[in-house]
Amino acid sequence: MKRKSTINRILCIAVSAAMIAVLSAGCSGNDENTVESTGNEKTEKAEKAAKVEKKELDADSVVIAVGDEEATFKELLVYMYILKDRYQDTLGDDIWSYTLDNGKTFKSVTMAQVVSLITELKIINREAQGLGISLTSDEKEDIRQYVEGLYASIPEEDVAEYKLDTDTMMNVYCENEIANRVYDSCINGVNTSINDDESRQCRVLYIYLRTSGVNQSGVTVTLSEEEVSKRHKEAKKLLKSAKKASDLHAFAEANTEADSAELVFGKGDMCAEFEAAAFALSEGQFSDVVTAPEGFYIIYCLDTNDEELAAVKKEEMIAASQKENFEAQYKEWAAGFEVEVSELIMQ
């Protein structure tokens, strides 16, 4: 069992969400919504949450309560340390004070994601009991050995600042391993049959002449009927020239109003008119001028189906279906728990 991967699948939810916030800084968002993302709605049937600390935090203070399941401050700090260690080289020593364009700090965004993650893990681990999923003594010992080796490599100042200890770290890794197994158990029955047509990835060169929408400069374009007619004639001339071009790729790049003349796409990626024309082509064949609401297209087929990319797409579609199935199951579980979060950690 590879311990480095034990925590990755579930933890990556928090990591990715936090990093997306950095990469898309300035976009509208609400960190507090992340805390509520468990799908939990308080009902009369929901298990009442235990009390959380409201006055003063120490290592053993309860900061998250999911029904009678509790998470301490030092448990939360394990996740914060993992994220700090992973991204400090990218964001610098002042990682937690790194400020996004929307005024929020990386710490506040990450804290909200970690709270959501811990909430999810507590619920999943409770359900694991009913599913009969647990770790053997040997598996727990394997995790402990890994954690002890990891702990020994952590600088003393980080151990002190993040209140780290091997028992808490071991519990975190054990919970993540169980959550991974619950996820695997829930997706085992998901239909993974995706036909080749659904995952097909066509590679084309294309020239696009816009008649409506937003152009590359961010300006909204709305052409008159006369101007649209002129563009259609222009497209016809370009098609004739494209068929004679010695370097079709260079010609397409020089004349398209798209960001790039080369495109790999599958079902649902482009407008219906584009897809119908492109999928009907054989390799090395041009389409006629394709008329769509947003403009005119000239399409040249490079590959009717890139098998390598199609295989990747099929795996992505299967994973998306599995994730959707698990999330539906998780939402049902989450409805059975009240969740309380200490305001002290969200300051």
Does Ser321 form a side chain to side chain contact (heavy atoms under 4.5 Å, CB included) with Asn325? I'd like the steps, not just the answer. CA-CA 6 Å; Ser321 177; Asn325 184 76; 5.8 Å; no
Evaluate salt bridge (Lys or Arg N to Asp or Glu O under 4.0 Å) for Glu262 paired with Arg203, printing each intermediate quantity in order. CA-CA 7 Å; Glu262 186 166 344; Arg203 185 185 296 275; 3.1 Å; yes
Residues Thr110, Ile95; criterion side chain to side chain contact (heavy atoms under 4.5 Å, CB included); working and verdict: CA-CA 11 Å; Thr110 305; Ile95 179 171; over 6 Å; no
Let me see the working for Leu344 and Lys54 under side chain to side chain contact (heavy atoms under 4.5 Å, CB included), right down to the final yes or no. CA-CA 7 Å; Leu344 298 176; Lys54 295 182 178 180; 5.6 Å; no
Evaluate the salt bridge (Lys or Arg N to Asp or Glu O under 4.0 Å) criterion for residues Arg231 and Glu227: first the C-alpha distance (whole Å), next the side-chain angles of each, then the deciding distance (0.1 Å), finally the verdict. CA-CA 6 Å; Arg231 298 236 81 183; Glu227 290 171 321; over 6 Å; no
I'd like to know whether Leu83 forms a side chain to side chain contact (heavy atoms under 4.5 Å, CB included) with Gln113, so could you lay out the CA-CA distance, the side-chain angles of the two residues, the decisive distance to 0.1 Å, and finally the verdict. CA-CA 11 Å; Leu83 292 169; Gln113 298 296 337; over 6 Å; no
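Leu150 contributes atom CG, which lies 4.0 Å from atom CE of Met169 (distance to the nearest 0.5 angstrom). To the nearest 0.5 Å, the span separating CZ on Phe251 from NZ on Lys244 amounts to 10.5 Å. For the atom pair Phe326 CZ and Gln322 CD, the distance stands at 11.5 Å (nearest 0.5 Å). For the atom pair CD of Glu175 and CG of Asn125, the computed distance is 4.5 Å after rounding to the nearest 0.5 Å. Here the CD1-CZ distance, from Ile299 to Phe279, works out to 10.0 Å after rounding to the nearest 0.5 Å. Rounding to the nearest 0.5 Å places CD1 of Ile124 at 10.5 Å from CD of Gln329.
Tracing side-chain contacts under 4.5 Å through hydrophobic residues (I, L, V, M, F, W, Y), one never reaches Leu205 starting from Val264; they form parts of separate clusters. One hydrophobic cluster, built from ILVMFWY side chains closer than 4.5 Å, cannot hold both Tyr206 and Leu248; they sit in different ones. Under the 4.5 Å side-chain heavy-atom criterion for Ile, Leu, Val, Met, Phe, Trp and Tyr, Met270 and Ile207 are members of distinct hydrophobic clusters. Under a hydrophobic-cluster definition in which Ile, Leu, Val, Met, Phe, Trp and Tyr are linked whenever side-chain heavy atoms come within less than 4.5 Å, directly or via other members, Tyr87 and Met111 are assigned to the same cluster. One hydrophobic cluster, built from ILVMFWY side chains closer than 4.5 Å, holds both Val78 and Leu117.
At least one donor-acceptor pair closer than 3.5 Å links the side chain of Asn305 to the backbone N or O of Gln201. Remark: side-chain polar atoms of Thr256 are not paired, donor with acceptor, to backbone N or O of Ala252 under 3.5 angstrom. Proximity of a side-chain donor or acceptor of Ser212 to a complementary backbone N or O of Arg210 within less than 3.5 Å is not detected. The main-chain N or O of Ala261 is found under 3.5 Å from a side-chain atom of Glu253 such that the two form a donor-acceptor pair. In this structure, the side chain of Asp269 engages the main chain of Gly266 through a donor-acceptor pair within 3.5 Å. In this structure a side-chain-to-backbone donor-acceptor pair under 3.5 Å is present from Asp306 to Leu309.
Contact between Phe265 and Ala278 at its shortest, heavy atoms only, is CZ-CB, 3.4 Å. Pairing each heavy atom of Ala128 with each of Ile178, the nearest pair is CB-CG2, 3.5 Å. The two residues Ser342 and Glu53 come nearest to each other via the heavy atoms OG-O, 2.6 Å. When all heavy atoms of Ser108 and Lys104 are compared, the pair lying nearest together is OG-CB, 3.8 Å. Considering every non-hydrogen atom in both Ile345 and Val115, the closest pair reads CD1-CG2, 3.7 Å. Taking every heavy atom of both residues into account, Ala277 and Val290 meet most closely at CB-CG2, 3.5 Å.
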Only distances under 3.5 Å count here; give the side-chain donor-acceptor pairs of residues 65-77 to other protein atoms, sequence neighbours excluded, each with its distance to 0.1 Å.
residue, atom, partner, partner atom, Å
Asp68, OD1, Arg126, NH1, 2.7
Thr72, OG1, Glu75, N, 3.3
Lys74, NZ, Asp60, OD1, 3.0
Glu75, OE1, Lys122, NZ, 3.4
Glu75, OE2, Lys122, NZ, 3.0

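Salt bridge status for Lys230 with Glu234: absent, with no side-chain N to carboxylate O gap under 4.0 Å. A salt bridge between Glu161 and Lys84 is absent, with no side-chain N of the basic residue lying under 4.0 Å from a carboxylate O of the acidic one. Checked for salt-bridge contact, Arg200 and Asp303 miss the test: no charged N lies under 4.0 Å from a carboxylate O. Between Glu177 and Arg181 there is a salt bridge, since a side-chain N of the basic residue sits under 4.0 Å from a carboxylate O of the acidic one.
Within 6.0 Å of the CD atom in Glu225, the count of heavy atoms belonging to other residues, nucleotides or ligands does not exceed 12.
Side-chain contact between Lys313 and Glu198 is absent, with no heavy-atom pair separated by less than 4.5 Å. The closest side-chain heavy-atom distance from Met170 to Lys140 is below 4.5 Å. The side-chain heavy atoms of Val204 and Leu281, taken from C-beta on, include no pair separated by under 4.5 Å. In this structure, the side chains of Val62 and Val52 come closer than 4.5 Å at one or more pairs of heavy atoms. Two residues are said to be in side-chain contact when any heavy atoms from C-beta on lie closer than 4.5 Å; Met346 and Glu343 fail this criterion. The side-chain heavy atoms of Pro293 and Glu273, taken from C-beta on, include a pair separated by under 4.5 Å. Residues Leu263 and Tyr208 are not in side-chain contact: their nearest non-hydrogen atoms beyond the backbone lie 4.5 Å or more apart. Two residues are said to be in side-chain contact when any heavy atoms from C-beta on lie closer than 4.5 Å; Asp85 and Asp158 fail this criterion.
With 3.5 Å as the limit, one finds a donor-acceptor pair spanning the side chains of Asp58 and Ser61.
His232 and Phe296 have tilted rings, their planes meeting at an angle from 30° to 60° on a 0 to 90° scale.
Not less than 6.0 angstrom separates the ring centroid of Tyr330 from the ring centroid of Tyr183.
Here side chain to side chain donor-acceptor pair (under 3.5 Å) pairs that include residues 274-300, with residues two or more places apart or in two chains, are Glu294-Tyr297.
The residue from Trp96, Tyr79, Tyr81 that alone fulfils the ring pair (Phe, Tyr, Trp, His ring centres under 6.0 Å) condition with Tyr162 is Tyr81.
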